[in-house]
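In what follows, residues are counted from 1 in the order of the sequence shown.
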Amino acid sequence: MAVIFCPPPSSIAVSIDRRSSDQRSSPFRRRFTPPRLASSSRSSRWLAPILSSPSLLRRRFTIPRLAVSCRYSPSESHEDPPPSSTGGDVHAGTPPSRRSGEGASVFVTVPANSVGQGGRISNRKAMSASLKALALAGVEGVVVEFWWGIVEGDAPGVYDWRGYTDLVSMAGHHGLKVRAIMAFHQYGSGPSDPCWIPLPDWVLKEMDKEPDLAYSDKFGRRSKEYISLGCDNLPLLKGRSSIQAYSDFMRSFRDTFKGFLGIVITEVQIGMGPAGELRYPSCPSEKLKQPSTAHELCVFQCYDKNMLASLRACTHDIGMHEWGYGGPLGASDSMQNPEEACFFRTDGSWNSHYGRFFLEWYSGLLLHHGERLCMVANSIFLHTGVKIFAKVARIYWHYYMCSHPSELAAGYYNTVTSDGYHPMARLFSKYKVSLCCTFFDMQDADEHNKSKSSPEDFLRKLVHAARMHNLSVSGENFGTRLDDRALEQVINISKLCSDGAYETSLSFNYVRMDRHLFNPHNWPRFTHFVRQMSHGRTFQAKLDFRRREQYFSSVSTAENFT
């Protein structure tokens with residue numbers, strides 16, 4: 001039986017300031033008083049100019065006063081409390097989605113190491129001050145990565161949610177929604193990285209015993225960013241398969257945060273591969289953050305014994321046994337000039353009978369992996385009021401080549417003769433899973449190799465697939481760029497995603513919150529960007545009450561975060 005250190009809040013007491021409508025115009029609104037930051041806190045000092053400067057706070061957002069007190073009693077049951085006759089209980093529910101053209105809500109990703117290995121928020125005061133500043137700017141919510149390597153890091157089935165329950169409560173305290181990312185991948189480049197979050201220690205030990213739990217390329221190099229999808233249904237993790245381990249993690253998350261789902265936690269993004277994206281680790285995620293070097297790497301990841309067994313079985317079915325010994329022989333890992341690779345060049349074997357067979361098998365396994373996780377997530381979060389997301393990688397280099405080699409190695413069978421994104425969009429639409437994609441701030445002019453790369457055309461094709469299947473879209477930026485050119489590009493791409501006859505909603509996630517964001521030169525630009533994205537409106541978390549009145553409100557817990 002799984003051991004959960006931090007059970008869910010089982011009872012939520014609500015007190016509402018009930019005033020007549022004629023009293024709400026002035027007394028019902030309040031100004032924000034900047035918090036007093038301890039002068040001795042170096043990590044909080046950089047927020048002081050934002051929270052105390054009259055010029056930066058001149059554009060205030062008035063917030064209705066609605067106090068929600070959350071308390072947990074260990075002796076109470078984890079079941080839903082019975083309905084109250086007074087009608088003052090909070091119940092999970094999905095807030096009404098905005099229609100096309102009504103603006104896009106903006107989320108901000110908190111630092112990856114916001115919760116440390118000890119189950120504590122790394123810096124409470126700085127985090128609380130940062131969340132308060134985001135709420136003032138009109139930000140809809142924050143994105144929090146719930147790392148598998150932190151929550152279940154010590155032993156299988158033992159989950160420590162303490163730091164994350166604290167962080168979610170703090171976000172709700174400031175009236176911010178939370179998009180929770182089920183992060184089943186590693187973060188960082190290695191142990192020397194100051195923000196290094198590997199897979200759970202017990203998983204890495206199992207990988208040492210059974211190396212084929214990791215992806216492998218033709219050179220024998222293994223990636224430990226994410227467990228190979230060839231093990232999806234094999235009980236290699238202490239008697240569980242990887243899908244079962246992910247399911248148990250999400251089920252524990254649901255039970256622990258039951259009182260927050262649909263109220264504070266309104267969205268859940270399911271990690272499906274390296275960097276949380278539905279793809280193969282054809283290029284290390286850390287390399288993808290360096291566009292100057294990422295264009296050189298593109299390797300098929302199908303050489304662990306479980307994937308090779310699947311390949312051999314498929315070739316046996318069609319009577320082509322000689323195709324079952326690995327990936328294409330003419331696919332080079334040096335992608336500086338892919339026209340020299342006989343598999344990827346314009347007249348290469350990618351478009352042969354063998355090439356089509358291999359690419360359909362390779363991309364098909366990735367789609368099956370995504371479908372398994374969609375099915376699991378749908379069953380676990382059914383009737384919780386949360387919206388489910390999945391992330392697709394934006395691999396745009398070599399886009400103008402006929403074979404699209406980098407996309408093929410990542411598992412996207414997208415070439416001049418095959419559309420690789422409609423199958424993904426169709427899969428997500430089938431399970432009502434929304435689409436998340438990055439690089440909203442990049443332009444073709446940002447690319448040095450303009451003849452072969454096109455981030456804009458890539459995104460247009462992906463957005464077209466999402467529109468054809470009526471998918472909601474969430475965008476992200478590539479880096480912490482806050483120059484006018486990058487923000488204007490985000491606004492233009494957002495219009496591309498939201499305009500039209502399709503009833504889809506759009507949100508944008510700024511990655512990520514750091515000192516650069518709160519710099520006095522950047523902060524006014526960011527708050528102006530938030531208003532532009534929302535068409536001048538501010539979004540606050542909506543809480544559903546068993547009352548006629550519904551308020552856009554900030555949430556204020558009884559707990560004092562000091």
Side-chain angles (χ1 to χ4, degrees), residues 184-185 207 210-234 236 241-243 272-275 277-285 287-288 296-335 338 341-344 348-373 392-393 395 398 403-415 418 420 423-424 427:
F184 301 120
H185 57 281
M207 279 187 172
E210 179 53 72
D212 288 293
L213 275 167
Y215 283 107
S216 178
D217 62 20
K218 66 181 178 181
F219 304 103
R221 297 176 298 196
R222 298 191 181 274
S223 171
K224 294 184 178 181
E225 286 192 64
Y226 187 83
I227 295 178
S228 170
L229 60 80
C231 306
D232 275 359
N233 298 317
L234 302 178
L236 301 177
S241 68
S242 56
I243 294 294
M272 295 185 172
E277 301 165 338
L278 181 59
R279 65 173 175 89
Y280 292 102
S282 56
C283 176
S285 297
K287 290 289 185 181
L288 292 180
E296 304 172 6
L297 301 173
C298 182
V299 188
F300 287 106
Q301 302 286 316
C302 59
Y303 289 85
D304 63 82
K305 69 178 183 181
N306 301 308
M307 291 194 67
L308 286 177
S310 170
L311 179 60
R312 292 192 187 100
C314 290
T315 57
H316 177 77
D317 291 341
I318 63 173
M320 301 297 292
H321 302 279
E322 61 273 18
W323 290 354
Y325 295 98
L329 296 177
S332 172
D333 68 317
S334 179
M335 300 308 299
C342 62
F343 184 78
F344 292 124
S349 54
W350 61 271
N351 202 28
S352 65
H353 182 46
Y354 161 73
R356 290 189 292 272
F357 160 78
F358 174 81
L359 294 173
E360 287 174 1
W361 167 80
Y362 189 68
S363 61
L365 283 185
L366 188 66
L367 288 174
H368 285 311
H369 175 69
E371 183 162 20
R372 292 185 189 105
L373 286 171
V392 174
I395 300 179
H398 308 120
S403 62
H404 294 229
S406 295
E407 293 166 80
L408 296 185
Y412 303 159
Y413 188 9
N414 187 60
T415 67
S418 174
M424 285 190 177
L427 167 65

Any side-chain to backbone donor/acceptor pair from Ser216 onto Arg222? Under 3.5 Å, distance only.
no
query: Cut-off 3.5 Å, side chains only: do Thr315 and Trp361 have a donor facing an acceptor?
result: no
Below 4.5 Å, heavy atoms only, C-beta onward: do Glu407 and Thr415 meet side chain to side chain?
no
Can you classify the ring geometry of Tyr226 versus His369 as parallel (below 30°), tilted (30 to 60°) or perpendicular (above 60°)? perpendicular
Separation between CZ (Arg312) and NZ (Lys305), nearest 0.5 Å, reads 11.5 Å
Rounding to 0.5 Å, atoms OH (Tyr413) and OG (Ser418) come to a distance of 5.0 Å
Correct closest heavy-atom pair for Phe343 and Ser349 would be CD1-OG, 3.0 Å
OG of Ser406 to CG of Asn414, rounded to nearest 0.5 Å, is 12.0 Å
In terms of heavy-atom contacts, Ser282 and Ala409 come closest through CB-O, 3.4 Å
Distance col, row Ile227:CD1 vs Leu234:CG, nearest 0.5 angstrom, shows 11.0 Å
In short, Ser228 meets Asp304 closest at the heavy-atom pair OG-OD2, 3.0 Å
**Message:** Is any side-chain heavy atom of Glu277 closer than 4.5 Å to one of Val392?
**Reply:** no
task = Please tell me if the side chains of Met272 and Phe184 come closer than 4.5 Å, counting only heavy atoms from C-beta onward.
result = no
Quiz item: Can you say whether the rings of Phe358 and Phe300 are parallel (under 30°), tilted (30 to 60°) or perpendicular (over 60°)?
Solution: perpendicular
Exercise. Verify, without hydrogens or angle tests, whether Lys218 (side chain) and Ala331 (backbone) share a donor-acceptor contact under 3.5 angstrom.
Key: yes
If you take the centroid of each ring, where Trp contributes its six-membered ring, are His398 and His404 closer together than 6.0 Å?
no
Q: Flag the pair Phe357 / Cys314 as yes when at least one side-chain heavy-atom distance between them is below 4.5 Å, and no otherwise.
A: yes
**Message:** Between Tyr354 and Glu322, is there a side-chain heavy-atom distance shorter than 4.5 Å?
**Reply:** no
When every non-hydrogen atom of Cys231 is compared with those of Asn306, the smallest separation belongs to SG-ND2, 3.4 Å
Check whether Arg372 reaches the backbone of Ile243 with its side chain - one donor and one acceptor, N or O, closer than 3.5 Å.
no
Is there a side-chain contact between His368 and Leu229, using heavy atoms and a 4.5 Å cut-off? no
When every non-hydrogen atom of His185 is compared with those of Pro274, the smallest separation belongs to CB-CA, 4.4 Å
For Glu225 and Pro281 the tightest heavy-atom approach is OE2-CB, 4.4 Å
Rounded to the nearest 0.5 angstrom, the CG-OH distance for Leu359 and Tyr412 is 14.5 Å
**Message:** Counting C-beta onward and ignoring hydrogens, is there a side-chain heavy-atom pair between Leu311 and Cys302 closer than 4.5 Å?
**Reply:** no
Tyr280 side chain to Tyr215 main-chain N or O, any donor-acceptor pair under 3.5 Å? no
Exercise. Determine yes or no for a side-chain-to-main-chain donor-acceptor pair under 3.5 angstrom, with Asp217 supplying the side chain and Val299 the backbone.
Key: no
Open item on the list: Test your reading of the model: is there a side-chain donor-acceptor pair from Tyr303 to the backbone of Arg221, 3.5 Å cut-off?
Closed with: no
